[in-house]
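Every number for a ligand or one of its atoms is a count from 1 in the order of the listing.
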Amino acid sequence: MSSSDEVYMVYRELLLPNETHSSESVKFAEEFKFKDDDVLVVTYPKSGTIWMQEILPLVLNGGDLTPVHTIPNWDRVPWLEEKRLAVVVDKLTSPRAMVSHFPYSLMPPSFFTSKAKVIYVMRNPKDIIVSSYYFHQMAGFLDDPGTFDEFIDKFLEGRVMFGKWTDHVKSWRHTELGDRIMYITYEEMVEDLPAALRRISDFLGRNLSDEAIKKIAEHCSFTTMKANTMSNFSLVPKKYMDSDKCPFLRKGIAGDWKNHFNAEQLARFCSVIRKEMESEIVSLPWTLD
Ligand code: PPS
């Protein structure tokens with residue numbers, strides 16, 4: 001594994017992996033022309049991005065499995081800021097679905113003048129850091145995370161891809177997007193996926209039948225997605241993602257943090273997050289202690 005200097009580029013003070021990003025790809029994002037019927041899912045890494053890459057096309061097309069069975073997730077619902085967007089953008093059919101890890105301040109000008117809708121997915125940061133720690137071990141294009149203890153410090157200081165979790169969440173909670181934005185949590189999706197799908201479908205103006213929701217929920221279960229070669233990253237060479245070290249679809253649960261933090265680490269982690277989220281704390285769906 002390489003050092004962080006080799007694997008990341010710095011863009012507006014954020015670390016972005018060189019393997020998937022470049023100065024051309026971020027320029028392409030800056031100049032990207034959003035359309036009114038585009039749908040964008042925004043996440044801090046490890047909050048449920050891949051899950052939404054499965055859900056969105058199915059909700060938008062009423063449950064037709066063709067795209068999720070034939071197109072790899074990174075081309076099916078591409079990242080706004082990644083190199084692949086320029087390659088596949090002309091093949092996307094409207095309504096186009098995309099994902100992004102960008103904070104609000106990095107959205108391109110056309111996003112603000114369009115009516116494109118946004119779904120912001122939030123996840124308990126205690127589970128995000130655990131998921132990210134394992135991801136850094138299996139992803140050959142990321143830096144060595146060190147020990148979990150060392151990774152906690154890196155995460156809290158924002159020395160990880162896309163910076164601090166607290167900055168990201170705060171940036172997207174104070175927008176002027178009105179009813180163009182919907183908030184959902186990973187935990188809500190784990191607890192009751194059909195109900196989450198109903199919320200998403202209503203937000204996107206799709207009147208899906210209960211039968212369609214059931215079909216989509218079955219297809220987007222952790223087990224089904226783990227077996228879908230278009231979504232489990234098994235098409236990616238081991239050099240970049242080594243599922244023998246850890247599968248990308250690792251556990252898919254809420255609360256795995258309990259198996260990883262010791263008491264001191266939990267206190268350290270929560271005190272920093274609590275302090276930085278001071279003004280938001282009452283409306284967070286998790287306890288930070
Ligand atoms: S990335 O690298 O930012 O795109 O990662 P991201 O997709 O945001 O997050 C990966 C975590 O999401 C879990 N995941 C799911 N959980 C439950 N059900 C389904 N269907 C599902 N699909 C993806 C995935 O397992 C990662 O979480 P962990 O905790 O590591 O298992």
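An N or O contact shorter than 3.5 Å links Trp51 to ligand 1 by distance. Backbone and side-chain nitrogen or oxygen atoms of Gly48 are examined, and one is located within less than 3.5 angstrom of a nitrogen or oxygen of ligand 1. Looking at Gly252 next to ligand 1, an N or O pair under 3.5 Å apart turns up. Residue Phe135 has no nitrogen or oxygen atom sitting less than 3.5 Å from a nitrogen or oxygen atom of ligand 1, judged on distance alone.
Ring-plane geometry between Tyr133 and Phe151 is classed as tilted, the angle between the planes lying from 30 to 60 degrees on a 0 to 90 degree scale. Aromatic ring orientation, Phe32 versus Phe28: tilted (interplanar angle from 30° to 60°).
Contacts of Ser47 with ligand 1, taken as heavy-atom pairs under 4.0 Å, involve the backbone alone. With a 4.0 Å heavy-atom cut-off, ligand 1 is reached by no atom of Tyr134. Here Phe162 has no heavy atoms under 4.0 Å from ligand 1, in either its backbone or its side chain. Counting heavy atoms under 4.0 Å from ligand 1, residue Met52 does not touch it at all. Contacts between Arg250 and ligand 1 below 4.0 angstrom, taking non-hydrogen atoms only, involve backbone and side chain alike.
Closest protein heavy atom to atom 5 (O) of ligand 1: Lys46 NZ, 3.2 Å. Atom 12 (O) of ligand 1 has Tyr186 CE1, 3.9 Å as its closest protein atom, hydrogens excluded (heavy atom only). Scanning the protein heavy atoms around atom 22 (N) of ligand 1, the nearest turns out to be Leu249 CD2, 3.3 Å. Ranking the protein heavy atoms by distance from atom 8 (O) of ligand 1 puts Thr49 OG1, 2.5 Å first. Looking at atom 28 (P) of ligand 1, its nearest protein heavy atom turns out to be Ser131 OG, 3.5 Å. Among all protein heavy atoms, the one lying closest to atom 11 (C) of ligand 1 is Arg123 NH1, 3.7 Å.
The distance from ligand 1 to the heavy atoms of Ser221 drops below 4.0 Å at these ligand atoms: 20 (N). The distance from ligand 1 to the heavy atoms of Phe248 drops below 4.0 Å at these ligand atoms: 1 (S), 2 (O), 4 (O), 5 (O), 7 (O), 10 (C), 24 (C), 25 (O). Counting the atoms of ligand 1 from 1 in the order shown, those under 4.0 Å from a heavy atom of His101 are 3 (O). Atoms of ligand 1 lying under 4.0 Å from any heavy atom of Pro45, numbered from 1 in the order shown and given with element: 3 (O). Listed by number with element, the atoms of ligand 1 under 4.0 Å from a non-hydrogen atom of Trp79 are 4 (O). Heavy-atom proximity to Cys220, at under 4.0 Å, picks out these atoms of ligand 1: 20 (N).
Both cation-pi conditions hold for Lys46 and Phe135: the charged atom is under 6.0 angstrom from the six-membered ring centre and inside a 45 degree cone around its axis. Judged by the 6.0 Å distance and 45° axis criteria, Arg274 is not positioned over the aromatic ring of Phe269. Geometrically, Lys126 does not engage Phe261 in a cation-pi contact defined by less than 6.0 Å to the ring centre and at most 45° from the axis.
Note that the CH2 atom of Trp286 and the CZ atom of Arg123 stand 10.0 Å from one another [nearest 0.5 Å].
The side-chain heavy atoms of Val118 and Phe111, taken from C-beta on, include a pair separated by under 4.5 Å. Side-chain contact between Met98 and Trp79 is absent, with no heavy-atom pair separated by less than 4.5 Å. Proximity of Arg96 to Val89: side-chain heavy atoms (C-beta onward) are separated by under 4.5 Å at one or more points.
Salt bridge status for Arg199 with Glu188: present, with a side-chain N to carboxylate O gap under 4.0 Å. Comment: Lys83 does not engage Glu24 in a salt bridge, judged by the lack of any side-chain N to carboxylate O separation of less than 4.0 angstrom.
Comparing His219, Glu54, Lys251 by heavy-atom distance to atom 31 (O) of ligand 1, the nearest is Lys251.
The local environment of CD in Glu211 is sparse, with at most 12 non-hydrogen atoms from other residues, nucleotides or ligands closer than 6.0 Å.
Under 3.5 Å, the side chains of His174 and Glu280 contain a donor-acceptor pair of N or O atoms.
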